[in-house]
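A quick write-up on the structure given underneath.
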Amino acid sequence: MGEKKGRFKQWLKRIMAGRYGTDQLNTVILWAGVLLCLISIFVSGTWVNLLLTALSYVCVGVALFRCFSRNTYKRYKENRKFLFLLERLKDREHRYFACPKCRQSVRVPKGKGKIAITCPRCREKFVKKA
Ligand SMILES: [Zn+2]
């Protein structure tokens, strides 16, 4: 039994060599696919069902594509971006602005009224209501 498990592990290792595998973003995409599939059950027989089913397939497809992708750097960057956006959504104490000149995102404390912001990258000054 133990040997069989070891062999499976080796096989999996060989298959996944040089491939990206899974990450937080993939987990969310997969769960979204499962959720869409579950919701579609309740609206069976309608075009919404078709749409949800199609979307759930797309989710699973994207997750599989990312998992077996060899472009690990690009996938890693996607996940980083996703985690960054998630962090931003959870952050209730700050507001985020994009610098009008270089698009660098700047974080400022919330509820201070109008404030002058200096971009940390290009030193551009702009005023925003935070
Ligand atoms: Zn800037």
Side-chain angles (χ1 to χ4, degrees):
M1 199 58 188
E3 202 199 315
K4 214 172 184 181
K5 215 172 170 185
R7 229 187 269 167
F8 176 71
K9 241 182 179 170
Q10 266 184 354
W11 173 79
L12 203 65
K13 219 173 161 181
R14 210 169 52 226
I15 295 267
M16 290 309 290
R19 297 184 197 266
Y20 185 64
T22 193
D23 59 16
Q24 292 94 332
L25 177 58
N26 247 8
T27 311
V28 169
I29 294 173
L30 262 180
W31 273 110
V34 170
L35 210 69
L36 285 170
C37 191
L38 282 175
I39 297 168
S40 77
I41 296 168
F42 295 100
V43 285
S44 62
T46 62
W47 64 272
V48 184
N49 172 269
L50 239 93
L51 186 77
L52 291 177
T53 308
L55 276 174
S56 79
Y57 277 122
V58 169
C59 283
V60 173
V62 169
L64 280 175
F65 165 77
R66 292 190 75 252
C67 182
F68 289 108
S69 170
R70 287 189 186 277
N71 195 346
T72 50
Y73 181 63
K74 206 169 171 193
R75 300 289 90 76
Y76 169 76
K77 262 175 51 183
E78 285 167 0
N79 192 50
R80 277 288 299 271
K81 202 165 180 185
F82 165 71
L83 290 178
F84 178 71
L85 286 173
L86 203 69
E87 199 56 42
R88 225 189 230 207
L89 277 175
K90 283 195 286 186
D91 190 352
R92 299 258 160 252
E93 274 143 50
H94 297 92
R95 286 202 70 177
Y96 293 81
F97 297 108
C99 164
K101 203 171 165 192
C102 71
R103 309 311 298 166
Q104 162 80 34
S105 104
V106 186
R107 191 179 76 165
V108 294
K110 227 176 186 174
K112 299 251 166 175
K114 262 192 179 172
I115 47 168
I117 303 161
T118 307
C119 171
R121 193 199 268 169
C122 70
R123 300 280 144 209
E124 170 84 355
K125 286 186 173 65
F126 54 102
V127 176
K128 288 275 179 195
K129 202 170 163 281

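Just follow the structure's listing: the first ligand is 1, and inside any ligand the first atom is 1. The structure presented is a predicted model; accordingly, all values stated were derived computationally and were not measured.
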Using distance only, find each side-chain donor-acceptor pair of residues 110-123 under 3.5 Å and give its atom names and separation, not counting sequence neighbours.
unit_1	atom_1	unit_2	atom_2	d
Arg121	NE	Gln104	OE1	3.2
Arg121	NH2	Gln104	OE1	3.2

Side-chain donor-acceptor pairs of residues 45-53 under 3.5 Å, sequence neighbours excluded:
unit_1	atom_1	unit_2	atom_2	d
Thr46	OG1	Val43	O	2.7
Thr46	OG1	Val48	N	3.4
Thr46	OG1	Asn49	N	3.4
Asn49	ND2	Ser40	O	2.5
Thr53	OG1	Asn49	O	2.6

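Of all protein N/O/S atoms, those lying under 2.8 Å from the Zn ion (ligand 1) come to 4.
Phe84 and Ser105 make their closest contact through CZ-OG, 3.9 Å (heavy atoms, listed as atom of the first residue, atom of the second, distance).
A search for side-chain contact (heavy atoms from CB on, under 4.5 Å) contacts involving Ala63 returns Asn26, Ile29, Leu30, not counting sequence neighbours.
You'll find the side chain of Ile15 reaches within 4.5 Å of the side chain of Phe68, heavy atoms only. Contact annotation: the side chain of Cys67 never approaches that of Arg75 to less than 4.5 Å [non-hydrogen atoms, C-beta and beyond].
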